[in-house]
Amino acid sequence: MTNAEILDQITLYAQLLELHGENPFKIRSYHYAVQHLEKQDIELSKLTALELEKLPNVGKAIAGKIDEARTNGQFHQLTEILAKTPAGIVDMLDIAGLGIKKVQFLWQAGIEDTAMLLQACEENKIAEMKGFGDKTQENIRQSLLFRIKQEGRYHLPEATFCAEQLEKYLHATLPALPLMLVGELRQGYETIASLQFIADLAYRPQVQELLNNAPFLLPEMPQNSLFAWAGKVKELGIAVEVRFVGQARWGSEAFALSASPKHLGATFKQKTLLQMAVSQDFATEEAFYQSLGWGYVPAEMREGTFELELASKNTLPTLLTAKDLKGVLHAHSTYSDGKHSLQQMAEACIAEGFGYLGITDHSKTAMYAGGLSEGRVLQQIAEIDKLNAQYPNFRIFKGIESDILPDGSLDYAEDILKKFDFVIASIHAGFKMTAEKATERLIKAIENPYTTILGHPTGRLLLRREGYPVHMEKVIEACAQNKVAIEINANAWRLDLDWRWVRLALEKGVMLSVNPDSHSKDSLWDMRWGILTGRKGGLTASRTLNTFSTESLTEYFNQKR
DNA sequence: GCCGTTTTCGGCCCGACTGTTTTCAGTCG
């Protein structure tokens with residue numbers, strides 16, 4: 001059992017205790033324990049019961065629950081309290097804008113699930129309840145509608161994990177099986193509803209047999225069509241489809257299943273691309289594009305927009321790949337809310353073959369994340385100097401993720417700001433803004449001479465909350481004017497800048513930076529999700545800040561300052 | 001429930017923001 005799974009159980013238990021009116025101090029100690037354990041670089045499932053008890057903020061009671069959870073899957077106190085709580089109430093705890101107190105109140109009022117809650121909102125009943133009001137009701141309604149819209153969608157890492165699991169599983173028995181990921185995951189969308197593959201038709205009986213017996217899959221009934229296997233991944237529920245295709249038509253089908261409707265519907269000599277592809281047998285997608293006299297369009301780019309013209313003129317760019325990246329910008333350490341020390345982060349980057357790390361802990365306003373006071377900034381800078389002296393072929397850049405304050409200013413005075421090599425400016429609080437206000441706030445931060453990179457421009461959390469509304473054209477224009485790069489925050493919950501804006505940023509001459517926003521050394525390669533996002537928008541290595549060599553990046557930072 | 005001790009009970013208690021209120025409760029990062 002992973003740390004996250006164990007800690008999720010403890011957090012849920014604490015929420016339920018609060019819902020049932022337990023002592024607040026007791027509840028707080030569960031939250032404290034989780035908060036501290038999240039930052040510990042240890043594997044909970046590997047510690048002995050005695051070692052667990054010795055951890056800070058963990059005593060006999062919590063150690064016992066962790067121990068039971070990892071052996072039995074769930075500790076019995078959680079099982080019991082869940083049995084006393086309607087499932088719909090537990091579900092409500094996840095809705096943005098609803099905390100324990102409000103859920104408690106709704107429960108007492110007889111509203112026991114989200115369907116009832118939505119209906120009550122539509123009937124204007126929530127606004128009339130004590131402690132609620134028009135705005136709260138509307139916020140709840142919006143959260144519920146957002147959830148409904150996102151239902152059945154998954155973040156890239158979990159979808160990718162399932163896809164890789166399936167590939168490994170089939171190849172374990174059939175190493176030579178031609179199998180290819182197609183569909184939305186291959187196209188690199190920010191969230192995923194289903195996994196699609198094509199497999200060689202000649203292997204159909206064996207593959208169907210294997211899939212029907214896969215311990216992690218649930219076949220759809222009735223099953224076993226002649227051309228496809230359908231089902232879902234048991235635990236996650238994500239849909240899976242494997243289509244059987246002969247080698248002769250492999251390219252035709254791969255193409256038909258790995259492009260957006262607009263790309264498929266684009267016309268070529270009075271026919272759509274889809275018609276062109278399926279009316280003939282193409283063994284490879286390359287052969288299909290060649291038959292049009294076009295360059296090969298990578299699956300991520302097949303959106304039916306700018307790529308069509310570039311393909312027809314054979315001027316498609318060579319897209320960014322993982323091996324182009326020379327370093328990591330935007331990472332946190334134990335100075336703020338990261339899990340690993342500055343030195344551990346640096347050494348993890350060295351181990352991955354990177355040439356530099358731009359460390360960017362939170363700034364002082366981000367109290368909840370242990371943001372750095374001026375004193376701590378100076379301390380960190382001193383440590384960076386010391387470490388840099390130790391590493392001959394590696395460089396730590398002094399950075400900060402500075403909060404953009406409500407008025408658009410940055411978080412430190414000039415004497416501190418000028419000590420950094422670079423500054424990522426991000427909004428972390430005060431999301432309730434009109435698009436005008438948000439745009440103005442961002443532009444003021446972009447115009448600050450110390451801002452090097454604009455961090456996660458909309459603040460969205462995929463499948464969880466919409467970002468603040470932004471007039472993105474204006475923000476991109478301001479970045480172009482002020483030579484500020486824009487981050488593609490590669491955390492799979494963000495992927496912000498959205499790929500739909502990458503092209504405009506490139507056209508305006510804005511540099512992009514694929515940033516992992518790492519809070520531990522294990523998440524440096526979250527950058528892979530950002531690479532996908534960039535590729536969808538046509539991002540190339542030369543326009544990506546962290547493909548620069550250490551020397552070029554130093555020069556870039558110096559010029560900016 | 002955890003911690004720390006003047007060692008077995010008493011103290012623990014973020015802070016900005018929002019939307020309710022009419023001085024504050026609830027939420028959230």
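Chain letters run A, B, ... following the sequence lines, proteins first and then strands; every chain starts at 1.
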Rounding to a whole Å, what distance do you find between [X]:[atom1] and [N]:[atom2]?
X: A:Arg28; N: B:dC3; atom1: CZ; atom2: P; value: 15 Å
X: A:Asp94; N: B:dC28; atom1: CG; atom2: C1'; value: 14 Å
X: A:Ile140; N: B:dT20; atom1: CD1; atom2: C1'; value: 13 Å
X: A:Tyr32; N: B:dC3; atom1: OH; atom2: C1'; value: 11 Å
X: A:Leu93; N: B:dT27; atom1: CG; atom2: P; value: 10 Å
X: A:His36; N: B:dC14; atom1: NE2; atom2: P; value: 14 Å
X: A:Met433; N: B:dT18; atom1: CE; atom2: P; value: 9 Å
X: A:Ile66; N: B:dC2; atom1: CD1; atom2: C1'; value: 13 Å

Take A:Asp517 and A:Asn489 through the side chain to side chain donor-acceptor pair (under 3.5 Å) test and state the conclusion after the steps.
CA-CA 7 Å; A:Asp517 197 354; A:Asn489 189 298; 3.0 Å; yes

Flag for A:Ser336-A:His519: side-chain donor and acceptor within less than 3.5 Å
no

For [N] and [M], measure between their [atom1] atoms and round to the nearest Å.
N: B:dT7; M: B:dA16; atom1: C1'; result: 39 Å
N: B:dG15; M: B:dG10; atom1: C1'; result: 26 Å
N: B:dC14; M: B:dC9; atom1: C1'; result: 26 Å
N: B:dG11; M: B:dC17; atom1: P; result: 33 Å
N: B:dT8; M: B:dC3; atom1: C1'; result: 12 Å
N: B:dT21; M: B:dG26; atom1: P; result: 12 Å
N: B:dT20; M: B:dA25; atom1: P; result: 16 Å

May I ask you to say what [X] touches in the nucleic acid, namely base, sugar-phosphate or nothing, with a heavy-atom cut-off under 4.0 Å?
X: A:Ile27; result: nothing
X: A:Ala96; result: sugar-phosphate
X: A:Leu55; result: sugar-phosphate
X: A:Ala429; result: nothing
X: A:Pro56; result: sugar-phosphate

Is the backbone N or O of A:His76 less than 3.5 Å from a side-chain atom of A:Glu68, with the two atoms forming a donor-acceptor pair by type?
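Present.
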
Among the candidates [options], find the nucleotide nearest to the side-chain atoms of [X].
X: A:Asn57; options: B:dT27, B:dC3, B:dG1; answer: B:dC3
X: A:Lys135; options: B:dG19, B:dG1, B:dC3; answer: B:dG19
X: A:Lys101; options: B:dG1, B:dG29, B:dG26; answer: B:dG26

Report the residue (A:Leu461 or A:Ile62) whose heavy-atom-nearest nucleotide on DNA chain B is the more 5′ of the two.
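Here A:Ile62 is the residue nearer the 5' end.
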
5' priority, DNA chain B, between A:Lys102 and A:Gly131 [closest heavy atom]:
A:Gly131

Centroid separation under 6.0 Å, is that true for the rings of A:His456 and A:Trp493?
no

Positive for ring-ring contact (aromatic ring centres under 6.0 Å, His included) with A:Phe354, one of A:Phe548, A:Phe394, A:Trp525:
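Single pass found, and it is A:Trp525.
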
With sequence neighbours left out, which residue pairs that include part of residues 1-22 of chain A fulfil the salt bridge (Lys or Arg N to Asp or Glu O under 4.0 Å) condition?
A:Glu22-A:Lys26

Return the orientation label for the A:Phe132 and A:Phe105 ring planes: parallel under 30°, perpendicular over 60°, tilted otherwise.
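Tilted, since the angle between the ring planes falls between 30° and 60°.
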
So, do A:Phe25 and B:dC13 meet the stacking rule of ring centres under 5.5 Å and planes under 30°?
no

Report yes if a side-chain nitrogen or oxygen of A:Thr136 is closer than 4.0 Å to either non-bridging phosphate oxygen (OP1 or OP2) of B:dT20; otherwise report no.
yes

Could you please name the partner base of B:dG29, counting Watson-Crick and G-U wobble pairs only when both distances are under 3.5 Å?
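Paired with B:dC14.
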
